[in-house]
**Student:** 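Sharing a structure with you now.
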Amino acid sequence: MYTVKNSAEFLSALTGLDERLKDLKLSSVEVDKEKSSVTYNFICDKAVDAALREKILDVCEKNTARIFSSVTVNVAKIVSNGDLIVRAAFKFLKDNYPSVSIFLEQEDISVVTEGNLVKYKLRLTKDGAEYVVKNGALKKLNEFLSKNFCSEFAGGTEIKPDSVSVNLLSEEVFEGELEKIEYRTIKVRDVLVIDDPAIGENAVYIEDVSDGTHTVCGKITEITERETKNGKPFFIIHIDDTTGTLSGVYFSKKTTYDKIKRLQAGDAIIARGTLGEYGGRRSFTFDKINGCTFPDDFVKKSRRKKTAPRNYKLVFPEPASTVKVSTVFNYNEVLPEELTEKTFVVFDFETTGTDFMNNGITEIGAVKIEKGKITEQFTTLVKPDYPISQEIIDITGITPEMVKDAPKIDKVLPDFLKFIEYSVIVAHNAPFDTSFLRRFANENDYEVSNKVMDTLEMSRRLLPALRHHDLKTIADYFGIAFRHHRALSDAYATAEAFIELMKIKHKNDENKK
């Protein structure tokens with residue numbers, strides 16, 4: 001099954017049938033290839049009787065390709081009621097933009113109807129208002145409401161006082177839980193209580209310890225007794241748990257002094273303490289210490305990689321500047337399910353050189369393909385930590401001056417990973433671009449597990465008659481406009497070539513059956 005868009009000419013023919021159909025909308029068209037049937041789903045703000053429905057069906061049958069043997073029409077009456085719109089808008093924002101809905105109640109949404117135009121306002125904090133504009137939420141909400149109600153929609157924001165001081169555009173909302181360090185643990189044995197039995201037997205890796213209070217363990221590498229100016233004893237203890245080393249001080253108590261004094265290098269301890277800055281130096285303060293046996297069979301576990309952030313922060317997707325639409329009015333352009341039922345992101349990197357371990361990214365360009373249509377684009381310059389040679393400047397046109405104020409890859413990467421999330425990623429000569437992507441993702445502790453498709457390999461397999469399979473040659477073959485060596489231009493050309501290659505692949509697969 002597909003859902004495809006309607007043509008303006010077709011809808012005009014329908015709305016001209018009767019005054020009652022003035023605000024008729026085609027919400028979707030369902031195509032069943034196996035049954036050669038089409039179902040048109042309309043919404044209307046007026047009741048449609050059987051006679052008028054037959055007229056709608058007649059227009060639909062005349063405008064449907066003859067390949068379809070069965071045409072069905074459904075017309076649902078939906079009135080643009082203010083309360084219904086508010087509830088629908090609130091649910092949409094709650095489901096799709098939870099970081100906004102935290103500070104939004106239903107009563108914060110107001111609706112005013114002016115003829116067929118519905119104006120609504122979202123009463124948000126300043127940060128929330130900035131967020132919905134930058135993240136494209138208003139545009140997406142307008143599209144959602146227009147599809148589900150017989151009106152056109154225009155949204156805006158209104159600032160309300162901050163009830164809670166939270167910056168929606170910062171790491172503070174949701175990202176803390178998504179990007180925090182994962183604390184891996186070591187389980188010790190034979191705990192010998194010196195300070196407190198409540199310490200337990202589980203400690204975090206020293207490698208994972210950050211500012212704050214933690215339980216750690218390890219074998220003592222050095223322990224030294226000292227005295228304060230007041231003559232009170234304390235100990236400087238160094239421990240190693242094989243993931244890292246930690247040094248700190250322990251201020252002994254009368255009840256624990258003798259037991260701590262008997263500890264020596266090679267003994268294992270499990271301790272509760274706090275890591276912080278003292279006198280300009282980072283140090284650990286051991287609050288409670290117990291003896292233990294460090295596990296001989298301990299094997300360090302790899303840290304789980306971070307996933308893409310929940311929201312964009314720096315680089316936001318934009319609507320695609322070229323749109324190709326598949327419709328039932330041109331059946332020859334109906335796209336294969338393999339293309340329409342998945343989301344693809346076609347991307348291209350411009351870099352300072354070809355060796356991914358010794359070069360950086362200077363530009364990212366990417367476009368998203370949804371239901372066979374290029375829908376969004378993502379583009380940004382990137383400031384590399386590597387020089388840009390004159391040879392690369394001549395090839396890409398990207399100069400050091402152009403990128404000197406651009407964000408670095410560690411700031412851009414989370415947004416790009418958000419853009420490619422849940423998508424099949426596509427590139428021309430994919431091993432080149434994915435090697436850079438995986439290198440910088442790994443350095444920033446992110447995981448990239450997307451399936452990858454390569455238009456270079458597809459072209460070699462599907463277009464064997466071509467002498468060359470570079471992007472320029474393939475673009476010329478398909479008649480695709482192409483301006484080489486800027487990332488977004490390359491991404492668009494690759495995306496359009498990818499769609500054409502998927503059509504050819506589908507035809508070949510059908511011929512093999």
**Student:** Quick check against the 3.5 Å criterion: does Thr396 have a side-chain atom that pairs as donor or acceptor with the backbone of Glu350?
**Tutor:** no

**Student:** Does the side chain of Phe344 reach to within under 4.5 Å of the side chain of Leu339, using non-hydrogen atoms?
**Tutor:**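 Yes - at least one pair of side-chain heavy atoms lies under 4.5 Å apart.
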
**Student:** Would a distance-only check, ignoring hydrogens and angles, find a side-chain to backbone donor-acceptor pair under 3.5 Å from Asn450 to Ile420?
**Tutor:**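 Flag set: sc Asn450 to bb Ile420 pair under 3.5 Å.
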
**Student:** Taking only residues two or more places apart in sequence, or in another chain, which ones meet Phe92 in a ring-ring contact (aromatic ring centres under 6.0 Å, His included)?
**Tutor:**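 Counting only residues at least two positions away or on another chain, Phe92 forms a ring-ring contact (aromatic ring centres under 6.0 Å, His included) with Phe144.
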
**Student:** Looking at Gly353, is its backbone amide N or carbonyl O close enough to the side chain of Asn359 to form a donor-acceptor pair, meaning the two atoms are under 3.5 Å apart?
**Tutor:** yes

**Student:** Quick check: do Ile388 and Val403 have side-chain heavy atoms less than 4.5 Å from each other?
**Tutor:** yes

**Student:** Could you tell me whether a side-chain N or O of Lys25 sits under 3.5 Å from a main-chain N or O of Cys44, the two making a donor and an acceptor?
**Tutor:** no

**Student:** Would the number of heavy atoms belonging to other residues, nucleotides or ligands and lying under 6.0 Å from CD of Gln390 be above 12?
**Tutor:** yes

**Student:** Side chains of Asp410 and Asn444: do they bring a donor and an acceptor to under 3.5 Å?
**Tutor:**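 No donor-acceptor contact under 3.5 Å links the two side chains.
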
**Student:** With no hydrogens and no angle check, just 3.5 Å: does a side-chain donor-acceptor pair link Glu370 and Thr375?
**Tutor:**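 Present: a donor and an acceptor within the cut-off.
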
**Student:** Is it true that a side-chain atom of Asp476 and a backbone atom of Gly479 form a donor plus acceptor pair closer than 3.5 Å?
**Tutor:**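 Side chain of Asp476 to backbone of Gly479: no pair is present.
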
**Student:** Taking the side chain from Arg460 and the backbone from His469, do they hold a donor-acceptor pair closer than 3.5 Å?
**Tutor:**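 A pair under 3.5 Å: no.
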
**Student:** Apply the side chain to side chain donor-acceptor pair (under 3.5 Å) test between Tyr40 and each candidate in Thr72, Thr64, Asn74; give the one that qualifies.
**Tutor:**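 Passing option: Thr64.
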
**Student:** Using modelled atom types only, decide if a donor and an acceptor are shared between the side chain of Lys418 and the backbone of Arg310 within a distance under 3.5 Å.
**Tutor:** yes

**Student:** Quick one: does Thr15's side chain have a donor or acceptor within less than 3.5 Å of a partner on Ser12's backbone?
**Tutor:** yes

**Student:** Sorted by first residue and then second, give each ring pair (Phe, Tyr, Trp, His ring centres under 6.0 Å) pair with at least one member in residues 368-407; sequence neighbours left out.
**Tutor:**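 Counting only pairs at least two positions apart or across chains, the ring pair (Phe, Tyr, Trp, His ring centres under 6.0 Å) contacts touching residues 368-407 are Phe378-Phe416, Phe378-Phe419.
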
**Student:** Write out all pairs satisfying side-chain hydrogen bond (donor to acceptor under 3.5 Å, both in side chains) with one or both partners inside residues 426-436, taking only residues at least two apart or from two chains.
**Tutor:**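 For residues 426-436: His428-Thr455.
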
